[in-house]
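Have a look at the structure below before the remarks.
Keep in mind it's a predicted model, so treat the numbers as computed, not measured.
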Amino acid sequence: MTFTYPAVVKKVAENDYEGYFPDLEMCEFHGETLDEALDDANYCMTEWIRVELEEDEPDFPAISDPEDIELAEGESVHNVMVHYRFYDGWDE
């Protein structure tokens with residue numbers, strides 16, 4: 001299954017990027033470069049999905065349209081995609 005959510009990223013200092021997923025509660029990430037921050041975003045989103053799937057009734061939020069996300073100065077939106085592979089018995 002593929003999940004794609006928009007991530008908001010901002011350079012906060014030299015060698016320091018921070019970001020969050022507006023649709024995924026408490027899902028934040030960081031990195032020294034934009035690429036590292038987006039790699040961490042991918043990891044954090046994968047873990048967020050894993051935890052949600054462990055719930056009795058997973059509840060995935062609607063996906064925001066990147067054009068509808070209000071950005072502060074210096075912020076940018078990047079779509080992050082995670083491929084989550086299910087195995088036999090994953091829901092047992």
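Here the side chain of Glu55 pairs no donor or acceptor atom with the backbone of Glu52 at under 3.5 angstrom. For Lys10 (side chain) and Leu71 (main-chain N/O), no donor-acceptor pair under 3.5 Å exists by modelled atom type.
Across all non-hydrogen atoms, the minimal contact from Pro6 to Pro22 is O-CD, 3.3 Å. For the pair Thr2 and Met81, the tightest heavy-atom approach, listed with the atom from each and the gap, is CG2-CG, 3.4 Å.
Considering only heavy atoms from C-beta on, Tyr5 stays 4.5 Å or farther from Val82 through its side chain. Side-chain contact between Asp16 and Glu32: absent, with no pair of heavy atoms (C-beta onward) separated by less than 4.5 Å. Residues Leu38 and Val9 have side chains in contact (heavy-atom distance under 4.5 Å, counting atoms from C-beta outward). Pro66 places a side-chain heavy atom less than 4.5 Å from the side chain of Asn79.
Among residues two or more places apart in sequence or in another chain, the side-chain hydrogen bond (donor to acceptor under 3.5 Å, both in side chains) test is passed with Asp39 by none. The side-chain hydrogen bond (donor to acceptor under 3.5 Å, both in side chains) check on Thr46 picks up nothing, with sequence neighbours excluded.
Hydrophobic clustering, with ILVMFWY side chains joined whenever heavy atoms are under 4.5 angstrom apart, groups Val80 together with Leu53. If you chain together hydrophobic residues whose side chains sit under 4.5 Å apart, Val77 and Leu34 never meet in one group.
Residue pairs that meet the ring-ring contact (aromatic ring centres under 6.0 Å, His included) test with at least one member in residues 27-68, sequence neighbours left out, are Phe3-Phe60, Phe21-Phe29.
Here the CD-CD distance, from Glu70 to Glu75, works out to 10.5 Å after rounding to the nearest 0.5 Å. In this structure, His78 NE2 and Asn42 CG are separated by 14.0 Å, a value rounded to the nearest 0.5 Å. Between the CE atom in Met1 and the OH atom in Tyr84 there is a gap of 11.5 Å [rounded to 0.5 Å]. Put simply, CD1 on Ile49 and SG on Cys44 are 11.5 Å apart, with the number rounded to the nearest 0.5 Å.
There is a side-chain donor-acceptor pair under 3.5 Å between Asp23 and Ser64.
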**OP:** Could you check Ile69 against Val8 for side chain to side chain contact (heavy atoms under 4.5 Å, CB included), going step by step and ending with a plain yes or no?
**Re:** CA-CA 9 Å; Ile69 298 172; Val8 176; 3.9 Å; yes
